[in-house]
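Everything on this sheet refers to the single structure shown next.
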Amino acid sequence: MADCLFCKIIAGDIPSTKVYEDETILAFRDIAPQAPTHILVIPKAHIPSVDGITAENSAVVAHIFQVIPQIAAAEGLTGGYRVVSNCGADAGQTVHHLHFHILGGKQLALEMA
Ligand code: AMP
Ligand code: ZN
């Protein structure tokens with residue numbers, strides 16, 4: 001997607017601080033961290049949001065969730081962490097390329113809404 005910020009990060013056109021990469025997914029540090037550790041995990045294929053997950057493309061989502069514990073362990077998040085995906089306007093999604101936030105490194109607030 002020519003106009004997608006995260007597709008540009010995948011292409012290397014916009015710099016990022018990578019923490020994990022393989023053939024199908026990329027993880028990098030959020031530019032405006034909300035916690036001591038704040039990492040975004042994205043599929044390399046452009047999927048706009050959770051709403052765009054289908055039977056055809058969901059294997060990459062399973063893969064993301066398989067890798068998330070490895071990233072959390074590498075980051076030393078032994079006390080736990082939160083995984084969040086904002087979908088759509090009411091959730092405040094600002095980048096329309098599916099991404100999962102990994103937040104940790106402190107006691108996180110309990111509010112979910
Ligand atoms: P969301 O609001 O759930 O769509 O999350 C988008 C996230 O992308 C926000 O936490 C932003 O801080 C983050 N973000 C925006 N631009 C960049 C960038 N160039 N590099 C890393 N993270 C970014
Ligand atoms: Zn994209």
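The figures that follow rest on heavy atoms only: side chains count, while hydrogens, waters and symmetry mates do not. Positions are given from 1, in the same order as the sequence printed here. Just so you know, ligand 1 is whichever comes first in the structure, and atom 1 is the first atom listed for that ligand. Values in this document were obtained by computation on a predicted structure and should not be read as measured data.
An N or O contact shorter than 3.5 Å links V95 to ligand 1 by distance. In terms of N/O distances under 3.5 Å, ligand 1 is not approached by L5. At a 3.5 angstrom cut-off on N or O pairs, H38 does not count as close to ligand 1. Note: an N/O pair closer than 3.5 Å links G92 and ligand 1 by distance alone. Polar contact with ligand 1: present for T94 (N/O pair, distance under 3.5 Å).
For the atom pair CG of D30 and OG of S16, the computed distance is 11.5 Å after rounding to the nearest 0.5 Å. The distance from atom CD1 of I102 to atom OG1 of T37, rounded to the nearest 0.5 Å, is 9.0 Å. Note that the NE2 atom of H46 and the CZ atom of F6 stand 11.0 Å from one another [nearest 0.5 Å].
The distance from the Zn ion (ligand 2) to the nearest N/O/S atom of H96 is not under 2.8 Å.
Considering H97, E23, E21 as possible partners of K44, the one that fulfils the side-chain contact (heavy atoms from CB on, under 4.5 Å) test is E21. Residue Y81 is tested with I39, I68, I71 for a side-chain contact (heavy atoms from CB on, under 4.5 Å); the sole match is I68.
Here the protein heavy atom with the shortest distance to atom 1 (P) of ligand 1 is H99 NE2, 3.1 Å. The nearest heavy-atom contact from the protein to atom 22 (N) of ligand 1 is I31 N, 3.1 Å. The nearest protein atom to atom 12 (O) of ligand 1, hydrogens excluded, is given as D30 OD1, 2.5 Å; this is a heavy-atom distance.
For H97 atom ND1 and H46 atom ND1, the angle they make at the Zn ion (ligand 2) is roughly 100°, to 10 degrees.
Proximity of a side-chain donor or acceptor of R29 to a complementary backbone N or O of L40 within less than 3.5 Å is not detected. Side-chain atoms of H38 come within 3.5 Å of backbone atoms of Q34 as a donor-acceptor pair (strictly under, hydrogens ignored). The closest donor-acceptor contact from the side chain of T54 to the backbone of N57 lies under 3.5 Å.
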Run the numbers on F28 and Y20 for ring pair (Phe, Tyr, Trp, His ring centres under 6.0 Å), then give the verdict.
-> CA-CA 7 Å; F28 53 97; Y20 176 90; over 10 Å; no

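Residue A32 has at least one heavy-atom neighbour below 4.0 Å for each of these atoms of ligand 1: 12 (O). The Q93 neighbourhood of ligand 1 comprises atoms 4 (O), with distances under 4.0 Å to a heavy atom of that residue.
Heavy atoms of F6 found under 4.0 angstrom from ligand 1 belong exclusively to the side chain. With a heavy-atom cut-off of 4.0 Å, R29 touches ligand 1 through its backbone alone.
Residue contact annotation: Q34 has no non-hydrogen atom under 4.0 Å from ligand 1.
No donor-acceptor contact under 3.5 angstrom links the side chains of H99 and N86, judged on distance only.
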